[in-house]
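Structure first, commentary second.
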Amino acid sequence: MTVFRIRFMSAADSTMDDLENGVPGTAKRLKQVRKALAFLSVDPRHPSLSSHEYESYPGYARGTKVWDSYVSTGADAWRIYWVYGPNEKGDEGTEIPVITILEIGPHR
C-alpha cells in the first residue's frame, strides 16, 4: 500500500495555521480537513473525497493535472486542491511519494 507524504504550499499552510490556531467557528472545519487529508494520504481516490481533475487551476499551465477533493459539500462546501509530487528521496535512495496541497478552502 502506498502512503503519500503530504506537503503544503504556503496558501494551504496558512489555512491550516488559521484552523489549528482556533479562529472562531473553525473546530468542525479543522476536523473535516484533517479527515480528508488522512484519506488523501492513503487513497487519493477514496470515494468520500470525490477526487477529480480540476480544469484550469490559476498559475498552472493548461494540461497540468491539478486535482480537487471534497472536504465538505453544501452551501459552504470546501475543497482541497492538490498535485502529485514532486516525490522526495528517502534513505538509501528510496522514493517517497508526495501529494502537494496547493490550497484548502471554499469551493470555487
Scan residues 32-45 for pairs that pass side chain to side chain donor-acceptor pair (under 3.5 Å), counting only residues two or more places apart or in two chains.
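Sorted pair list: R29-Q32.
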May I have all residue pairs that pass side chain to side chain donor-acceptor pair (under 3.5 Å) and include part of residues 5-14, sequence neighbours excluded?
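For residues 5-14: R5-E88, R7-E88, R7-T100.
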Using the salt bridge (Lys or Arg N to Asp or Glu O under 4.0 Å) criterion, which residues pair with K89? Sequence neighbours excluded.
E95
Looking at every non-hydrogen atom in both residues, tell me the closest pair between P44 and S51 and how far apart they are.
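In this case the closest contact between P44 and S51 is O-OG, 2.7 Å.
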Trace of the side-chain contact (heavy atoms from CB on, under 4.5 Å) decision for N87 with I96
CA-CA 6 Å; N87 291 342; I96 301 168; 6.0 Å; no
Test side-chain hydrogen bond (donor to acceptor under 3.5 Å, both in side chains) applied to Y57 - qualifying residues, sequence neighbours left out
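Counting only residues at least two positions away or on another chain, Y57 forms a side-chain hydrogen bond (donor to acceptor under 3.5 Å, both in side chains) with E103.
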Name all pairs fulfilling the ring-ring contact (aromatic ring centres under 6.0 Å, His included) condition that reach into residues 89-108, sequence neighbours left out, sorted by first residue then second.
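As it turns out, there is no ring-ring contact (aromatic ring centres under 6.0 Å, His included) pair with a partner in residues 89-108 once direct neighbours are skipped.
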Pairs meeting criterion salt bridge (Lys or Arg N to Asp or Glu O under 4.0 Å) with involvement of residues 63-73, two or more places apart
D68-R79
Using links of under 4.5 Å between side-chain heavy atoms of ILVMFWY residues, direct or through other members, which residues join W67 in one cluster?
F4, I6, F8, M16, L19, L30, V33, L37, F39, L40, L49, V71, W78, I80, W82, Y84, I99, I101, I104
Output the rest of the hydrophobic cluster of V98: all Ile, Leu, Val, Met, Phe, Trp and Tyr residues reachable through side-chain heavy-atom contacts under 4.5 Å, sorted by chain and number.
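Listed partners: none, V98 stands alone.
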For S50, which residues count as a side chain to side chain contact (heavy atoms under 4.5 Å, CB included) partner, sequence neighbours excluded?
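Per chain and number, S50 pairs via side chain to side chain contact (heavy atoms under 4.5 Å, CB included) with Y70.
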Residues which pass ring pair (Phe, Tyr, Trp, His ring centres under 6.0 Å) with H52, listed by chain and number, not counting sequence neighbours
none
